[in-house]
Amino acid sequence: MKKIYMILILTCLSLCDFAYGQVVRDSIKIHFRTGDATLRPSLEDNEAALNRIADSLAVTYADSIYQLREILVIGSASPEGSIDLNKRLSEKRANVLFDYLSRYGELPESSKNFIYLGRNWKELLRLVQEDENVPYRDDVILLLEDIVTKCVDEELPSDNNIGRLMMLRDGVPYRYMYRTLFPELRTSQLILSYIRVLNLNRLAAPKMQGVTIAD
């Protein structure tokens, strides 16, 4: 009986070791108006997303089992407008989201990372691939794949990518994407990474009275 009891203890400890040290991630996406970096809770589902991530941070600061290890903020923009403008816009959108969340607690500088995507061609390609209603969808996918390939390092004004997209099939696909897909590119995304750590205070188990282990 004692041997079985010890096996159970070792099994439990093994499971605890597996649980602790695991990385847990939480993320939200905030939408912005065209050409704007103002954080508007009333736009789309922004308010619900902001409240959820604020609650997540509050739990983290109250519970020492979860420690915030990394903050990743990604700002992006839709294709219309100049390349430089969209780079600045994506940067502003990322920073305004980080500043907003800073009011809920101290966010360590060493753990934060920013990515400024500018024109988010890769995400637009993904959205088109998932939307069967895009006019001339196959043509649009071929063009966007070419644009994404050319923009791996840096997008150049001479590439005239937005012009190519606007002229494709007399602009019919562009007008559809402008109404339906572009709003999903005017965003700032926040990804929080937590690690579950060992809390020694919680391992201090109370003494068990009246329990014996039979041989």
Side-chain angles (χ1 to χ4, degrees), residues 25-41 43-50 52-53 70-101 112-169 171-193:
R25 290 183 175 85
D26 193 8
S27 66
I28 61 167
K29 181 180 286 187
I30 300 299
H31 294 82
F32 295 86
R33 291 179 178 174
T34 307
D36 187 24
T38 303
L39 191 59
R40 303 178 188 275
L43 183 64
E44 300 287 346
D45 57 351
N46 285 355
E47 185 172 10
L50 290 170
R52 186 173 65 79
I53 207 68
E70 184 181 18
I71 305 164
L72 176 61
V73 190
I74 305 171
S76 72
S78 50
E80 79 278 19
S82 69
I83 295 173
D84 290 339
L85 173 62
N86 280 304
K87 284 182 178 179
R88 293 195 299 271
L89 196 57
S90 65
E91 182 175 351
K92 289 179 180 179
R93 286 170 175 169
N95 289 331
V96 75
L97 178 56
F98 181 84
D99 292 342
Y100 178 87
L101 290 171
K112 70 176 183 179
N113 297 285
F114 290 92
I115 297 177
Y116 310 124
L117 297 177
R119 290 174 170 175
N120 198 348
W121 292 111
K122 189 174 182 179
E123 179 65 8
L124 179 58
L125 172 59
R126 187 189 69 80
L127 292 172
V128 171
Q129 290 171 334
E130 294 182 352
D131 188 348
E132 296 181 355
N133 296 318
V134 176
Y136 306 104
R137 181 164 163 265
D138 291 340
D139 293 344
V140 176
I141 290 175
L142 285 175
L143 177 57
L144 289 176
E145 286 177 340
D146 181 65
I147 292 174
V148 168
T149 300
K150 291 181 177 179
C151 294
V152 170
D153 296 322
E154 183 181 3
E155 183 176 8
L156 302 175
S158 58
D159 294 333
N160 192 27
N161 292 320
I162 187 64
R164 296 168 63 196
L165 188 62
M166 294 178 70
M167 291 185 290
L168 181 67
R169 294 288 187 173
V172 174
Y174 180 85
R175 289 191 289 273
Y176 174 88
M177 289 185 288
Y178 184 88
R179 296 191 309 271
T180 308
L181 304 183
F182 281 15
E184 292 301 313
L185 305 176
R186 306 175 189 126
T187 64
S188 183
Q189 185 177 6
L190 176 77
I191 303 174
L192 301 178
S193 296

Stepwise side chain to side chain contact (heavy atoms under 4.5 Å, CB included) test for S188 and V96: CA-CA 9 Å; S188 183; V96 75; 5.9 Å; no

Side-chain heavy atoms of [X] within contact of [Y], under 4.5 Å:
X	Y	value
T187	N120	no
L124	L165	yes
H31	E184	yes
L50	E47	no
N95	F114	yes
Q129	I141	yes
M177	V140	yes
D131	Y176	yes

S90 versus A77, closest heavy-atom pair with distance: CB-N, 4.5 Å

Which atom pair, heavy atoms only, marks the closest approach of P135 to V172? CB-CG1, 3.8 Å

So how far is it from [X] [atom1] to [Y] [atom2], rounded to the nearest 0.5 Å?
X	Y	atom1	atom2	result
I83	I162	CD1	CD1	10.0 Å
N86	S78	CG	OG	6.0 Å
K92	D99	NZ	CG	13.0 Å
K29	N46	NZ	CG	11.5 Å
L143	D138	CG	CG	12.5 Å
S193	E70	OG	CD	5.0 Å

Passing candidate, side-chain contact (heavy atoms from CB on, under 4.5 Å) with L192, options I71, V73, L72, L101: I71

Tell me whether R52 at atom CZ has more than 12 heavy atoms from other residues, nucleotides or ligands lying less than 6.0 Å away.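 It does: R52 CZ has more than 12 such atoms within range.
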
Is it the case that atom CD in E130 sees more than 12 heavy atoms from other parts of the structure closer than 6.0 Å? yes

Can a donor-acceptor pair be found, under 3.5 Å and without considering hydrogens, that links the side chain of R179 to the backbone of R175? yes

Run the salt bridge (Lys or Arg N to Asp or Glu O under 4.0 Å) test against R164 and tell me which residues pass, sequence neighbours left out. D146

When you check the gap from the basic side-chain N to the acidic O, do D139 and R169 get nearer than 4.0 Å?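 A salt bridge links D139 with R169.
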
With a 4.0 Å cut-off on N to O distance, would you call E91 and R88 a salt bridge? no

Begin with the C-alpha distance, continue with both residues' side-chain angles, and end with the deciding distance and a verdict on side chain to side chain contact (heavy atoms under 4.5 Å, CB included) for Y116 and I74. CA-CA 6 Å; Y116 310 124; I74 305 171; over 6 Å; no

Between Y136 and Y174, does the ring pair (Phe, Tyr, Trp, His ring centres under 6.0 Å) criterion hold? Intermediate values first, please. CA-CA 10 Å; Y136 306 104; Y174 180 85; over 10 Å; no

Is NZ or CZ of R186 both nearer than 6.0 Å to the six-membered ring centre of Y178 and within 45° of the ring axis? yes

Can you see whether T38 engages D36 through a side-chain donor-acceptor pair at a distance of less than 3.5 angstrom?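 Present: a donor and an acceptor within the cut-off.
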
